[in-house]
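Just so we're on the same page: letters track the sequence lines, and every chain starts at 1.
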Amino acid sequence: MSIELSGINKRYGSFTAVDDVDLRVESGELLALLGPSGSGKTTLLRIIAGLEAPDSGSIAFHGADATATHVRERQVGFVFQHYALFGHMTIFENVAFGLRVRPRRQRPAEPEIRKRVQRLLELVQLDWLAGRYPHQLSGGQRQRIALARALAVEPRVLLLDEPFGALDARVRQELRRWLRRLHDEVHVTSVFVTHDQEEALEVSDRVVVMNHGRIEQIGTPDAVYDHPASPFVLEFLGHVNRLPDDDASGAPRYARPHEIAVSLQPQPQAWPARLAHSATVGPVTRLEFAVDGRDAPVNVELPRAEFRALSLVQGAIAYLRPTRVRHFAAAPD
Amino acid sequence: MRASRVLPGFGVALGCTVAYLCLVVLIPLSAAFIKTAQLTWPAFVDVVTAPRVLASYRLTFGASFGAAMINAVFGLLVAWVLVRYRFPGRRIVDALVDFPFALPTAVAGIALAGLFAPNGWLGQALTPLGIKVAYTPLGVLVALTFIGLPFVVRTVQPVLEELPRELEEAAATLGASRAQVFLRVVFLIVIPALLTGFALAFARAVGEYGSVIFIAGNMPMVSEITPLIIITKLEQFDYTGATAVAVVMLVVSFALLLAINVLQAWARRRQGGLA
């Protein structure tokens, strides 16, 4: 089921949450809406779900206009950041909710409901928790139940609003991969919102980078990371240094911390810099260099072993040479 | 145990609490029982099952129950409106809810009696319709409803305020209609608080005196409440008779509150916490 958005606008008072957005979500893909808070990504997701109405613009599901369709009839599965499970119902009843509230004629018979809920609980690998209440579950388990509940109504599209935002780092990473595998299994068109670039790059088929209610760039994770369309995308998708020298036209040049080579001898096209600080975090060492005549430090990341081989001490002079430079000739900055 | 306590003053605090509760609650209550014990069992039964006394139980407990029910329904509605909608004058309405708390009950009683008397504002309109409020059991119900309103609103309001919007949104995305969202989600979550409010309104109504006697007319067998029977007995220096009736009220109120508490604990346990 594809989703087409065209000319979507949404304002709250004088704040423009979504500014003339066109977007096409392909059938069966897993799309990430990525952006800082206030970039309009959640609002856009809620507009797709029908939880918010756009001020103007239209939404179509598989070519059929759905702009005026009520959220109840839109057949979307929605997963909330804080799970939004029904605390007064068992896990089983939470998942069965969407089936039980159907009009009598479309409602499956009780044995069929049991069978389907059981199957969904197995899909999220939590069938042994059917009789528990949500408050007895961990955050990660709750979110998986929320997903099972959303899938129970066989939604045409699955929408996830910062689904891992409330979880701790380790669970988050685990669930991320699990979501990717699940999507490969059920293949429902899915859109998920996140402010975590790593999450977006790891999980999604395509990434939509948003800023100030507008789409900055759409592309595969590799495309947006390797060929950012604007300084904003470049900066948002990971740490980046603005290099001390501008290019010929005076536009700024950028290099990512892992794309800078460090040597102890002077090199062509390398600047001398003084090591101000270093910290080794697991496999990488993060170095902070001070460059004469510049306030902002240059951040460099080296593999642990490489840093060791350099035997660089604090205060020592090293020569930095970017191995890959990005610049935006007509930077709209 | 003592050494590991972080909060200081446990002994003193507990001592004060127990002493205070004894002084204010337990000693007066046991006095009622001791005074009643002066009666023989058959005499006690005679006093508390006199037809006039039985009629007063029916009125007091019946009207209190009815008033608490009315308040449960409309109190929930008022709380819902106050929490969910923003309208001019909302703060004033919010403050008005507390009015029955603050108003001296005698003032409320006189106001209601004046309003519903056959020549009062509302009485004038209702009398031609054949509805008599003042000086009937209906008047008792009106007075008890008036004084019980804040209890339900004030217990339900915070629960509704903390009810995450997402629960309703989640239910809606799953295809639930407005009515289903309310009945299957909101109402079930609010029930423990609603029961608490109901119990408080009921308990208050059972013991209410001031606002009722003006509007009730106090006709024996018809519109005479149990607290008035107790007062009447006291005025006739029938102290043991008065305490006997009081003991019955005490036991019945206690039993009802206990039942409601058990119900409430059950509802709360099922819910655990909002997840």
Side-chain angles (χ1 to χ4, degrees), chain A residues 45-46 48-52 70-91 93-103 106-107 132-139 141-143 145-146 148-161 166, chain B residues 72 76 79-80 83-88 155-198 260-275:
Chain A
L45 191 78
R46 290 173 62 86
I48 298 174
L51 291 170
E52 306 279 348
H70 192 273
V71 52
R72 209 171 32 247
E73 273 112 39
R74 244 181 233 201
Q75 291 174 271
V76 297
F78 202 99
V79 175
F80 294 84
Q81 179 175 4
H82 298 287
Y83 331 120
L85 293 179
F86 306 126
H88 59 290
M89 296 180 197
T90 61
I91 295 309
E93 286 304 322
N94 264 281
V95 178
F97 185 87
L99 299 172
R100 292 208 193 283
V101 295
R102 284 194 184 168
Q106 298 161 34
R107 196 185 311 157
R132 304 273 185 92
Y133 285 91
H135 68 96
Q136 297 170 307
L137 272 57
S138 72
Q141 290 172 335
R142 284 184 212 183
Q143 199 56 295
I145 294 302
R149 180 179 68 176
L151 289 173
V153 294
E154 290 171 344
R156 300 191 287 174
V157 298
L158 184 63
L159 307 170
L160 306 102
D161 184 12
Chain B
L76 178 60
W80 177 266
V83 170
R84 280 309 165 85
Y85 304 107
R86 292 292 169 268
F87 52 92
T155 48
V156 170
Q157 207 174 0
V159 176
L160 282 178
E161 260 159 18
E162 277 168 31
L163 189 75
R165 221 20 191 284
E166 282 130 42
L167 288 186
E168 288 163 68
E169 289 179 346
T173 60
L174 293 167
S177 65
R178 278 311 296 172
Q180 284 172 321
V181 173
F182 183 79
L183 290 175
R184 284 171 178 262
V185 179
V186 177
F187 186 65
L188 291 180
I189 290 170
V190 164
I191 271 189
L194 196 61
L195 279 174
T196 307
F198 176 87
I260 290 169
N261 265 305
V262 168
L263 204 63
Q264 218 179 59
W266 170 80
R268 229 180 270 284
R269 200 170 42 245
R270 265 182 42 129
Q271 204 150 317
L274 292 181

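- The main-chain N or O of A:V101 is found under 3.5 Å from a side-chain atom of B:Q180 such that the two form a donor-acceptor pair.
- Looking at every heavy atom in both residues, A:F86 comes nearest to B:L167 through CE2-O, 3.5 Å.
- Listed here is the closest heavy atom pair of B:A170 and A:A84: CB-O, 4.0 Å.
- For A:A150, the part lying near chain B is the backbone, with the side chain staying farther off; criterion is any non-hydrogen pair under 4.5 Å.
- The number of heavy-atom neighbours closer than 6.0 Å to OH of B:Y85, taken from other residues, nucleotides and ligands shown, is 12 or below.
- With respect to chain B, the highest number of heavy-atom pairs below 4.5 Å among A:L99, A:L51, A:V76 belongs to A:L51.
- Here CZ of A:R102 is found 10.0 Å from CG of B:L174. Values are rounded to the nearest 0.5 Å.
- Contacts with chain B were tallied for A:R149, A:R74, A:E73; A:R149 has the most, counting heavy-atom pairs under 4.5 Å.
- For A:H88 against B:R184, the heavy-atom pair with the smallest separation is NE2-O, 2.8 Å.
- Contact of A:V153 with chain B is made through the side chain alone, with heavy-atom distances under 4.5 Å.
- Using a 4.5 Å cut-off between heavy atoms, A:R100 touches chain B through backbone and side chain atoms alike.
- Qualifying side-chain contact (heavy atoms from CB on, under 4.5 Å) partners for A:A148, counting only residues two or more places apart in sequence or in other chains: A:V95, A:L120, A:V124.
- There is no contact between B:R165 and chain A, counting heavy-atom distances below 4.5 Å.
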